[in-house]
Structures are given as structure tokens and as C-alpha cells.
Amino acid sequence: MIILQEFKKFALRGNVLDLAIGVIIGGAFGEIVNSLVNDMLMPIIGLLLGGIDFSSLQITINDATIRYGAFIQSVVDFLIITFSIFIFIRAINRLKKKQEEKPAAPLEPTKEEILLTEIRDILKDKR
């Protein structure tokens with residue numbers, strides 16, 4: 001019973017939930033990027049390179065088939081995903097920087113500060 005309580009406490013902590021949400025969103029983002037690569041970019045790159053279909057590129061040596069086209073596809077996917085994440089994080093950092101640059105509103109002096117300022121001014125006048 002104690003283990004279940006500890007697990008519930010662990011599973012419901014903010015970090016675990018944030019991580020779970022990040023994994024789900026990351027999976028969906030991965031699908032979007034895969035579609036971008038496979039359905040839009042790779043056909044264009046294939047046309048530019050003379051109609052090459054990267055996914056079908058392979059070499060067969062005896063009984064082993066080396067699918068280097070799939071590897072090229074994975075490298076392109078990786079580069080596009082990392083570039084997309086870089087652009088996204090760069091935009092977030094710029095937004096945060098703009099928010100940090102906004103000057104904070106000046107604080108109102110406390111009653112004690114006002115009273116001390118008045119005392120200081122009175123003492124200056126007596127000299």
C-alpha cells in the first residue's frame with residue numbers, strides 16, 4: 001500500500017506530467033516533420049537530383065541488403081527536426097528576452113521610507 005501511495009505521489013508531480021505532455025507533443029511534432037520530409041521535401045530533392053528516390057537506394061552483398069537510402073532519409077529527418085526545434089527555441093528565447101527587458105514599475109515607497117525622508121529633509125533644513 002505504501003508503494004502505491006509513493007508511486008501516486010511520484011506520478012502526479014509536475015515534472016512527470018510535464019514530461020508526459022512533452023513526449024505526446026513531441027510525437028505529434030515528429031509526425032508533422034516526417035510528413036514534411038517524406039511528402040514535400042524529399043520528392044523535391046529527388047527531382048533536383050535527377051528523380052532519385054532515396055528510400056529505394058540499397059546495395060545487396062551476398063545475402064545482406066544495406067539500405068543506405070533509408071539512412072539518408074533518417075539523416076535528413078534528423079536535420080530538419082533539429083533545425084525546427086532550434087527555430088522554435090530561438091523564438092521562445094527572444095520572447096523571454098523581450099519580457100525581461102521591460103522595466104519594472106517603480107515601487108511605491110513604504111510609510112517608513114516616507115517618514116524617514118521627511119525626517120532627513122527636516123534635519124537638512126535645520127543645519
Side-chain angles (χ1 to χ4, degrees):
M1 198 57 130
I2 294 174
I3 293 176
L4 289 177
Q5 290 174 347
E6 287 181 28
F7 178 74
K8 181 180 176 183
K9 186 177 178 181
F10 168 78
L12 296 178
R13 283 191 351 215
N15 294 342
V16 174
L17 292 176
D18 291 344
L19 179 63
I21 291 168
V23 168
I24 292 168
I25 291 173
F29 184 71
E31 291 295 321
I32 291 170
V33 172
N34 283 336
S35 177
L36 173 70
V37 171
N38 295 331
D39 302 330
M40 298 178 74
L41 295 178
M42 290 311 288
I44 293 171
I45 292 172
L47 285 174
L48 293 175
L49 296 176
I52 297 174
D53 179 17
F54 286 104
S55 61
S56 64
L57 296 176
Q58 61 187 19
I59 295 175
T60 304
I61 302 172
N62 294 333
D63 291 337
T65 301
I66 300 170
R67 297 180 32 200
Y68 66 92
F71 176 74
I72 292 172
Q73 182 71 41
S74 295
V75 169
V76 171
D77 287 348
F78 172 78
L79 293 174
I80 291 173
I81 289 169
T82 54
F83 184 73
S84 300
I85 292 171
F86 168 74
I87 295 298
F88 180 71
I89 291 187
R90 186 173 178 220
I92 289 174
N93 287 340
R94 284 189 176 179
L95 288 174
K96 285 183 180 180
K97 187 176 180 180
K98 285 182 183 179
Q99 288 176 351
E100 290 173 0
E101 289 177 356
K102 291 181 182 177
L107 299 175
E108 295 286 326
T110 62
K111 291 180 182 181
E112 291 85 12
E113 290 174 333
I114 293 172
L115 183 58
L116 288 170
T117 304
E118 290 175 3
I119 293 171
R120 183 197 66 204
D121 293 341
I122 292 170
L123 289 173
K124 274 185 181 178
D125 292 339
K126 286 188 175 186
R127 288 185 181 176

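We number each residue from 1, following the sequence as shown.
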Taking [Y] as the starting point, is it possible to reach [X] by hopping between hydrophobic residues whose side chains are less than 4.5 Å apart?
X   : Y   : result
I59 : L57 : yes
I24 : F29 : no
I72 : I66 : yes
F83 : V75 : no

Looking at [atom1] of [X] and [atom2] of [Y], how far apart are the two atoms once the value is rounded to the nearest 0.5 Å?
X    : Y    : atom1 : atom2 : result
I92  : I87  : CD1   : CD1   : 12.0 Å
I89  : N93  : CD1   : CG    : 7.0 Å
E108 : I114 : CD    : CD1   : 8.0 Å
E118 : I122 : CD    : CD1   : 6.5 Å

Indicate yes or no for a side-chain donor-acceptor contact from T117 to the backbone of E113 under 3.5 Å, with no hydrogens or angles considered.
-> yes

Side-chain contact, heavy-atom cut-off 4.5 Å: E6 with I2?
-> yes

L36 side chain near I32 side chain, heavy-atom distance below 4.5 Å = no

Neighbour count >12 (heavy atoms, 6.0 Å) for atom CZ, R120 | yes

